[in-house]
Chemist: 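This is the structure I have questions about; it appears just below.
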Amino acid sequence: MKSTLLFFLIFTTVVTSQNKKALEKSTTKPFELGVIEAIQSTILSEKRILNIYLPEGYQQNDTIQYAVIYLLDGGADEDFIHTVGLVQYNTFSWINRIPKSIVVGIANTDRRRDFTFPTSIEEDKKRFPTTGGSSKFIDFIEKELQPFIQGKYKTNHSKTIIGQSLGGLLVAEILFTKPTLFDKYIIISPSLWWNDGSLLKQNPEILHENFTQKTAVYIGVGKEGLAPTKNPHVMEVEANLLSDKLKQTKSKNVKTYFDYMPEEDHATSSHPALFNAFRLLYPVKKN
């Protein structure tokens, strides 16, 4: 009797364990946040990985077209996941702050190369020998990346670019050199100290009266202090100088927002800045 009962208990335990494992196996699946594309760049002579978030309800065969947000430092282990979270949050129907958007995260291979223009500072040339390739990277965005996204996905005319630190420097360079590539620019903690602050000395097209594209610029910066340079450059001061320069534009089509966040630093600025950027760039319309 005892042996029969013991057998029954063991048998029941084994069966229950097997059923539980089978249930776990059948109900466990990956949580998918987006899709991964690989694009072979002729301009950069390398393959680039794109992490792409498609908004809820996206269907390739319908007629709806979506805004596109291009994200520098867009790798899965960089800024892609937390940025997508903010985009999704701000497009919830009960918030509806920004339009439903496709997010294109550009994963890095060599960000110092891609995000910087050539420098005349010998010390920086020695410390960062691969720098100076931003012109090629901007060409890649214009001539390969944007056409690829527009050809494969259902996009409209709205294009935003986001960059932080050296990425913010690149976004500022695009704004100054090819301002019509995007209509919204989100510049966070930009490394404007690069090449002894030479970008701030330029007189770009966007400052002129004949610049006609409607363009919105957000510049966010924390209390970040001195840049890693021989000549003194204070990050938040130079971000403010960029804002002041843009606000002096003679064009009526350019709107600039400056956001100083004294409670944040260079490491923590990107997420709160992006939240603020969406709020400022898409103000609630009064009835």
Side-chain angles (χ1 to χ4, degrees), residues 34-54 65-80 83-84 101-121 124-188 190-192 194-195 198-199 202 204-206 211 213 215 217:
V35 298
I36 299 173
E37 297 273 14
I39 178 172
Q40 183 64 44
S41 171
T42 302
I43 294 170
L44 299 176
S45 300
E46 64 184 10
K47 183 184 291 184
R48 298 305 294 254
I49 299 299
L50 310 174
N51 296 304
I52 299 177
Y53 165 78
L54 300 174
Q65 296 179 318
Y66 297 88
V68 183
I69 298 171
Y70 291 85
L71 174 66
L72 304 177
D73 294 316
D77 58 348
E78 297 171 315
D79 289 334
F80 182 73
T83 298
V84 165
S101 303
I102 298 168
V103 180
V104 179
I106 310 167
N108 285 318
T109 56
D110 184 346
R111 71 192 299 273
R112 287 174 177 165
R113 177 200 68 192
D114 292 339
F115 296 173
T116 59
F117 48 86
T119 179
S120 60
I121 308 300
D124 288 342
K125 289 180 182 179
K126 293 176 182 177
R127 283 199 302 164
F128 313 118
T130 65
T131 55
S134 62
S135 178
K136 275 190 173 184
F137 191 71
I138 294 169
D139 281 348
F140 159 70
I141 290 173
E142 178 184 17
K143 298 173 182 177
E144 294 180 331
L145 178 58
Q146 285 189 347
F148 173 80
I149 296 299
Q150 291 162 6
K152 186 162 185 178
Y153 295 95
K154 300 177 64 61
T155 67
N156 60 28
H157 64 279
S158 177
K159 297 188 291 292
T160 299
I161 186 167
I162 302 169
Q164 190 260 353
S165 192
L166 285 178
L169 174 70
L170 181 76
V171 174
E173 183 184 355
I174 295 172
L175 180 65
F176 275 26
T177 59
K178 293 194 174 182
T180 58
L181 279 186
F182 301 92
D183 56 278
K184 291 183 176 62
Y185 290 79
I186 298 177
I187 302 171
I188 304 170
S191 298
L192 296 167
W194 182 253
N195 194 33
S198 64
L199 192 68
Q202 294 185 13
E205 176 189 354
I206 199 169
F211 183 75
Q213 178 186 269
T215 303
V217 182

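All heavy atoms count here, side chains included; hydrogens, waters and symmetry mates do not.
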Chemist: Kindly give the heavy-atom pair with the smallest separation between A172 and L192, and that separation in Å.
Modeler: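 Distance-wise, the nearest heavy atoms are CB-CD2, 4.3 Å.
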Chemist: Compare every heavy atom of I69 with every heavy atom of S101, then report the nearest pair and how far apart it is.
Modeler: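 Reported closest heavy-atom pair: CB-CD1, 3.9 Å.
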Chemist: Side chain to side chain contact (heavy atoms under 4.5 Å, CB included) for Y70 and V171? Distances and angles first, verdict last.
Modeler: CA-CA 11 Å; Y70 291 85; V171 174; over 6 Å; no
Chemist: Under 4.5 Å between any side-chain heavy atoms of F115 and N108, yes or no?
Modeler: yes
Chemist: From the options I206, I161, I162, T160, select the one residue that forms a side chain to side chain contact (heavy atoms under 4.5 Å, CB included) with Y185.
Modeler: I161
Chemist: Under a 3.5 Å cutoff, is there a donor and acceptor pairing between the side chains of T215 and D183?
Modeler: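 Looking only at side-chain atoms, D183 and T215 do not form any donor-acceptor pair under 3.5 Å.
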Chemist: List for me each residue that meets side chain to side chain contact (heavy atoms under 4.5 Å, CB included) alongside T119, sequence neighbours excluded, and say none if there are none.
Modeler: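 Partners of T119 by the side chain to side chain contact (heavy atoms under 4.5 Å, CB included) criterion, ordered by chain and then number, come out as I121, D124, K125, W194, N195.
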Chemist: When you compare the side chain of L181 with that of E142, does any pair of heavy atoms fall below 4.5 Å?
Modeler: yes
Chemist: Mark yes or no for whether T116, through its side chain, and G132, through its backbone, hold a donor-acceptor pair below 3.5 Å.
Modeler: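 Yes, T116 side chain to G132 backbone: donor-acceptor pair under 3.5 Å.
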Chemist: Using only heavy-atom distances, determine whether the side chains of E144 and S41 contain a donor-acceptor pair under 3.5 Å.
Modeler: yes
Chemist: Within this structure, what is the CD1-CG distance for the pair I106 and D79, rounded to the nearest 0.5 Å?
Modeler: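 CG of D79 is found 12.0 Å from CD1 of I106.
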Chemist: State, yes or no, whether a side-chain contact exists between F117 and S135 at a heavy-atom distance under 4.5 Å.
Modeler: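 Contact flag for F117/S135 side chains = no.
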Chemist: Nearest 0.5 Å please: distance from the CG atom of D139 over to the OG1 atom of T42.
Modeler: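 Rounded to the nearest 0.5 Å, the CG-OG1 separation comes out at 12.0 Å.
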Chemist: Say whether, by atom type as modelled, one donor and one acceptor occur between the side chain of Q164 and the main chain of I186 under 3.5 angstrom.
Modeler: no
Chemist: Per the side chain to side chain contact (heavy atoms under 4.5 Å, CB included) rule, which among V84, I149, V68 passes with I52?
Modeler: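 In the set V84, I149, V68, the residue that makes a side chain to side chain contact (heavy atoms under 4.5 Å, CB included) with I52 is I149.
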Chemist: Within this structure, what is the CG-CZ distance for the pair L145 and R48, rounded to the nearest 0.5 Å?
Modeler: 9.5 Å
Chemist: Verify whether one side chain among E37 and Y153 offers a donor that lies under 3.5 Å from an acceptor in the other.
Modeler: yes
Chemist: Test your reading of the model: is there a side-chain donor-acceptor pair from T131 to the backbone of F128, 3.5 Å cut-off?
Modeler: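 Here the side-chain-to-backbone pair exists.
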Chemist: Looking just at side-chain N and O atoms, do S134 and E173 make a donor-acceptor pair shorter than 3.5 Å?
Modeler: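 S134 vs E173: donor-acceptor pair found between side chains.
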Chemist: Taking all non-hydrogen atoms of both residues, which atom of G168 and which atom of P190 are closest, and how far apart?
Modeler: C-CB, 3.8 Å
Chemist: Are there over 12 heavy-atom neighbours, none belonging to K178, within less than 6.0 Å of that residue's NZ?
Modeler: yes
Chemist: Does a side-chain heavy-atom distance below 4.5 Å link L54 with Y66?
Modeler: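 L54 vs Y66: side chains apart.
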Chemist: When rounded to the nearest 0.5 angstrom, what is the spacing between CD in Q213 and NE2 in H157?
Modeler: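 That separation rounds to 9.5 Å.
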Chemist: Verify whether one side chain among R113 and T109 offers a donor that lies under 3.5 Å from an acceptor in the other.
Modeler: yes
Chemist: Yes or no on side chain to side chain contact (heavy atoms under 4.5 Å, CB included) for T155 and Q65, after CA distance, side-chain angles and deciding distance?
Modeler: CA-CA 5 Å; T155 67; Q65 296 179 318; 5.9 Å; no
Chemist: Ignoring hydrogens, what is the shortest heavy-atom contact between K184 and S158? Give both atom names and the distance.
Modeler: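 Where K184 meets S158 most closely, the heavy atoms are NZ-OG, 4.4 Å.
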Chemist: Is any side-chain heavy atom of L199 closer than 4.5 Å to a side-chain heavy atom of F176?
Modeler: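 Result yes, sub-4.5 Å side-chain heavy-atom pair found.
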Chemist: Which heavy atom in I49 sits nearest to a heavy atom in A38, and how many Å separate them?
Modeler: CD1-CB, 3.9 Å
Chemist: D73: what forms a salt bridge (charged side-chain N to carboxylate O under 4.0 Å, His left out) with it, not counting sequence neighbours?
Modeler: R111
Chemist: So how far is it from R112 CZ to D114 CG, rounded to the nearest 0.5 Å?
Modeler: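 Spacing of CZ (R112) from CG (D114) equals 12.5 Å.
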Chemist: Got a second to check how far K152's NZ is from I39's CD1, nearest 0.5 Å?
Modeler: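 The distance works out to 10.0 Å.
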Chemist: Do I174 and F137 come within less than 4.5 Å of each other through their side chains, counting heavy atoms only?
Modeler: no
